[in-house]
Structure formats: structure tokens, C-alpha cells
Amino acid sequence: MTKLLSMKEAIERFVQDGDVVAAEGFTHLIPFAAGHEMIRQKKKDLVLCRLTPDLIYDQMVAAGLAQKLIFGWIGNPGVGSLHAIRRAVEKGLPRPVEIEEYSHFGLLCRIQAAASGLPFMPLRNYRGTDLPSVNESLRTVQCPFTGEELAAVPALHPDVAIIHAQRADACGNTQVWGLLGIQKEVAFASKKVVVVVEEIVDEEVIRSDPNRTLVPGVIVDAVVEEPFGAHPSYVQGYYDRDNDFYVAWDRVSRSAEGVNAYLDEWVHNLSDRDAYMKKHGAALALRLKPEPHPARPVDYGLYR
Amino acid sequence: MAFAAAREIQDGDVVFVGIGLPNLAVNLARRTHAGGVQLVYEAGVYGAQPIRLPISIGDPCLVTGALQVMPMAETFLYFLQGGRIDVGFLGAAQIDRFGNLNTTVIGDDYRRPKVRLPGAGGAAEISWLAKRTVILLPQKRSKFPEHLDFRTSLGFHEGGRSRESLEAPGGGPERVITNLGVYGFDPETREMVLEKIHPGVTLDEVRAEVGWPLRVQEPLGETELPDADTLRLLREELDPKGIYLG
């Protein structure tokens, strides 16, 4: 059964006001096109969950979509601060945003517990630090076998996961290469899953290399084909990270006016990602295109 | 700093690499005295061989040519919690005399911070689980306070055997490297001790940028400078655009 939708339809149908949203991707495969569509649709009171909120959540927080952030590391990687999020946290602008913070390991354990159908996950961490004093979800549990005390975090089930990938078939069998982040875990942890891909491929392409499938179609609700939908983050083998944009964002985002002007020009005044790419022109794709470096094929064998 | 940090890596170490200077240091070590070093990036890469300097911690150059790419959960569960990491590199906004780190907030009130910092990221678990850690940060008095505004990552806790009494699996900080000098930790009190000073820096200059009465090793050493070949490698091959070296 095909699950193909436009980005507009997928966000309308699967992201509701007040939802816990996990638009994941660790540096790689960040679903910016989906973030922009949530901004265009003026979603409200979202609880935004990501290991690293990155520019995608900085933009969504600046647009006033979020009531809360759940995160592990909140910065502009390799550059500095996320200024819009800092304005929201430090000054309550454009609206106050509650924060709930973990370390990367702690937050991914919350997602992994949910994906595994467990109420919590134990981990070795946090003793002697101040983190548990500001987050009541960081607790301890005693091992029933050794008696030792371990940290424990509760399962986190997002309402919707949005993940970007290189390719999927129309049923949502999704293949990824390069950094895998916590996309698989977050897809299994979430009630709804929207997959955004560079290319839709035939099922037989997926079947020719099943080891590369990260997310099975059975847990996917919508598949959106959106080339360059992860820009200014990147897609391994397709386009490079737009580091210039990440650096430029530091300046743009230092004032609310700067962010608003950006959002007007690049989000509100454009209908979709296609329009965004047309506005950028062909030079963008050319600048970010890597040289080819294909893997050697493996032989799965045919067993009759 | 990059050269001094590279010296902390032994051939064959499995190193959990952060971005920025640690990345430069580890790649320098790999290209000089420690060809057998294995680079693990928390993004889920083992045996990375980046051919350009990665700007972000998830740069695509870490993947191409690596020995393994895995879900991030596996780097934390199997490599770090499984006890397979020899050295972890850390940075911080503040460090105290026992090597505890703050990367969360500046100010007394967590809910109304003067400055909201990035938070723990992978640092809390690296400091808790890696066999040893090396900390790199620029040295300023405000960054070396008597008391941290927030303790994000554990060093030697309150000193003495207090880290051991918390049953930390990892060994804790081994070195702190700044733009002024190199520090170790006293094996008994676990207090930071200035071991080496960079050429051209005076002891008074170092003391002025530390917020507690600083202990100094006697005799105080001087940091070795990189030779011409190493400098050429750093400036022409590893960081040709001067992104980290300026």
C-alpha cells in the first residue's frame, strides 16, 4: 500500500498541536523541509525532542511553535550558540520555553526504552553531577542481581517521529547509509512515523540490499519525496553539509528581527521545498556535491 | 595546545574524539607517533580516517573510508559503557581544581541563567566511563573558578578517593591543557597541579588566571614545542584553512 504524500499533507495529517515531535538526525539527515512546513502551518505548543536541537529547532522556537524542548546538547555544532533558543530560555521571547535536559546517552536510553517496550532503561551515569538535581526523570534503580545502583531514565514515546533518509519504497521501507543517529530507535519509539527521502525507489531496489534498511515499512505512516529536504544539513553521498550556512546563521540569529526576516524570505513566502531550491538556484547543489565514492557491491547469494 | 594534546595519545589507544582541537590533536597523533590509534566519534563511527578537517561532530568525511558506522546507541552502549574507550577528550566553560566540568549554565540560578551553555552532550558519560580523559580549554580566571556554577561532568569529585567511592568505572581526568600550560593531578589529593608551562609564559600569568591557590610541580617543566615537520603537518595538511590554529 502506498503511503506517498506531499510534505504539506504529511505534516497536516500527522503533526497535531501539542504533540511531542522528534525530528531526528545527528548532524546528518536533519529534516529541515519538514521543520519549515511545520512553521508554515503554524503548529502550536509542540514539545520538541532531539539529541541536538540544531538550527531546525532554533528556527521552530523562533517561530513560536514550541512550549518545551527535550535535548542533550543545545548548540550550533562547530560554531557556537543557538541564539533564538537562548532568547526563549533566557528572556522568554517570543514565548517562554520549558527545557528538560539529558546527556546524549541519557536521552537515547529514553528513546530506546520506548522502542523496546520497556518502562525505563538503566545506564551508568550521572553520579556526583548536578544533572539529577534539575531533572526529576534522572533517577536510580538497584540491580536485582548485583545490588549495585544504576541511573535510570523513563521511556519517551514521541507522538510523531520525522526522519530523513536517502531512499525508501512507497510503503516506507527506508534505507540509510552514513551516520545513523538514533533514527531507528526513534521510529520504533514513536506513535506515528513520517519518512522524508531524497528518492523513492522500487521495492526490488530495497530487497536487493536488505542490510541497509534502517526502518521497516510496517511502522511508517507517510513517505514524502523531497530532494534536498535536509539542507542545510547533509545527505551522505548526495550533498555536503552547508557549513557556510551554519556559520552565517550565527549572525542572522543574533536578533529576533534577523530570524524573522529569514523565516519570511525562506519559509513563509515560499510554498514548499521545491520553491526553496529554485530560489537558491542550481549553484547550491553544485557547490555541495561530493565526488562519487561508491561501495563495492556484496553478494547475498540466491538460495533456491 | 593541539601538539601537547597529541602527546597524551599512545599508539594503539581507542580514542573518543570531540570536535575542534581534540580532533586536530588526535589526527596529528595518528599521522606521527601513534599510527595505530583508532578514532571513535560519538556520532557512530569507529576507525575514521577523515581526509579533511571535520567542522561538525557529524561531518560526512568521518564516514567515508571508516572501518565501521553504527547506530549512535552502540557507541554509547558497547564502546563507552562497555569499557572499550581508552581516552576521551573534553572541553568546558568552567573547570574546578578537581577537574569537574561545567558545560550547562553560567550564573547561580539554573532556571534563570546568565548564560545558557550547550549542556552535557556526550561529556557526562565520557567523563564517567572513559579509562582516562584529557581536558582542553582556554585559560581564564572566570573559567577556573573556586566553585563551579553547575557540575555537568565528573572529574575527581571532591578530591581524594571521592571519585572511587562513587564507583566510577572510568579513571577520571589525566591532563588539562590550556593556552598557558599543562596540568596533571596529584595522585593523593587529586588536585590539579601545574606541570609544564608554555614557552614565553610566566608563572604569575598562569596564577592570575586561576581562581584558587594553584599548586605547582617542582621543578616546573616547559612544554616541548613541535618541530618543523610537525608544524608543517599541522598547518599545511591538517588545518590548511587555519580553522582551529588561526
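Chain A is the first sequence line, chain B the second, and so forth, proteins listed ahead of strands; every chain is numbered from 1.
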Heavy-atom contact with chain A under 4.5 Å, split by part of B:Arg112: side chain
Taken to the nearest 0.5 Å, the spacing of A:Thr129 OG1 from B:Leu101 CG works out to 11.5 Å
Of the listed B:Gly119, B:Pro60, B:Ala66, B:Ser56, the one with the largest count of heavy-atom pairs under 4.5 Å with chain A is B:Pro60
With chain B, which of A:Phe26, A:Phe105, A:Trp73 has the greatest number of heavy-atom pairs at distances under 4.5 Å? A:Phe105
Under a 4.5 Å heavy-atom cut-off, does chain B meet the side chain of A:Leu179, its backbone, both or neither? both
Verify side-chain contact (heavy atoms from CB on, under 4.5 Å) between B:Thr64 and A:Gln236, making sure each step is shown before the conclusion. CA-CA 9 Å; B:Thr64 304; A:Gln236 190 84 32; 3.2 Å; yes
Residue among B:Arg163, B:Glu158, B:Glu167 with most heavy-atom pairs under 4.5 Å to chain A: B:Glu167
Above 12 or not: heavy atoms from other molecules or residues under 6.0 Å from NZ of B:Lys131? yes
Residue selection (most heavy-atom pairs with chain B, distance under 4.5 Å) from A:Gly78, A:Gly181, A:Gly75: A:Gly181
Quick check: are there more than 12 heavy atoms from other residues, nucleotides or ligands sitting under 6.0 Å from CG of B:Asp109? yes
Evaluate whether atom CD of A:Glu136 has more than 12 neighbouring non-hydrogen atoms of other residues, nucleotides or ligands under 6.0 angstrom away. no
Residue selection (most heavy-atom pairs with chain B, distance under 4.5 Å) from A:Ser103, A:Pro290, A:Pro77: A:Ser103
Let me know if A:Glu90 has heavy atoms under 4.5 Å from chain B in its side chain, its backbone, both or neither. both
Any donor and acceptor pair, going by atom type alone, linking the side chain of A:Arg127 with main-chain N or O of B:Leu166 inside 3.5 Å? yes
Need one label for A:Phe71: side chain, backbone, both or neither, based on atoms under 4.5 Å from any heavy atom in chain B. side chain
Below 4.5 Å from any heavy atom of chain A, which atoms of B:Phe150 appear? Answer side chain, backbone, both or neither. both
When the 4.5 angstrom heavy-atom criterion is applied to A:Leu51 and chain B, the contacting part is side chain
How long is the straight-line distance from CZ of A:Arg241 back to SG of B:Cys61, given to the nearest 0.5 Å? 11.0 Å
Report, one line per pair, each donor and acceptor closer than 3.5 Å where one atom sits in a side chain of residues 68-85 of chain B; sequence neighbours left out.
{"residue": "B:Thr75", "atom": "OG1", "partner": "B:Glu42", "partner atom": "O", "Å": "3.2"}
{"residue": "B:Thr75", "atom": "OG1", "partner": "B:Met72", "partner atom": "O", "Å": "2.6"}
{"residue": "B:Gln81", "atom": "OE1", "partner": "A:Arg124", "partner atom": "N", "Å": "2.9"}

Considering non-hydrogen atoms only, spot the tightest contact between B:Val63 and A:Gly178 and give its length. CG1-CA, 3.8 Å
Is a donor on one side and an acceptor on the other found under 3.5 Å between the side chain of B:Arg151 and the backbone of A:Gly128? yes
Side chain, backbone, both or neither: which part of B:Leu154 has an atom under 4.5 Å from a heavy atom of chain A? both
Between B:Ala123, B:Ser162, B:Ala120, which shows the greatest number of heavy-atom pairs under 4.5 Å with chain A? B:Ala120
Heavy-atom pair count under 4.5 Å with chain A, highest-scoring of B:Pro113, B:Ala43, B:Gly122, B:Ser153: B:Ala43
Reference residue A:Thr27; test side chain to side chain contact (heavy atoms under 4.5 Å, CB included); the match among B:Ile55, B:Leu62, B:Ile57, B:Asp59: B:Ile57
Contact origin within A:Asn125 toward chain B - heavy atom pairs under 4.5 Å: both
Okay, A:Tyr234 and chain B: the region with an atom under 4.5 Å from a heavy atom over there is side chain
Evaluation steps, side-chain contact (heavy atoms from CB on, under 4.5 Å), between B:Thr104 and A:Glu101: CA-CA 10 Å; B:Thr104 303; A:Glu101 68 179 299; 3.5 Å; yes
Taking side chain as everything from C-beta outward and backbone as N, CA, C, O, which of these in B:Pro169 sits under 4.5 Å from a heavy atom of chain A? Side chain, backbone, both or neither. side chain
Note: vs chain B, highest number of non-hydrogen pairs under 4.5 angstrom among A:Leu82, A:Ile99, A:Thr52 is A:Ile99
Heavy-atom pair count under 4.5 Å with chain B, highest-scoring of A:Leu180, A:Leu131, A:Val134, A:Ile182: A:Val134
Interchain contact, A:Leu123 with chain B, by part (heavy-atom threshold 4.5 Å): both
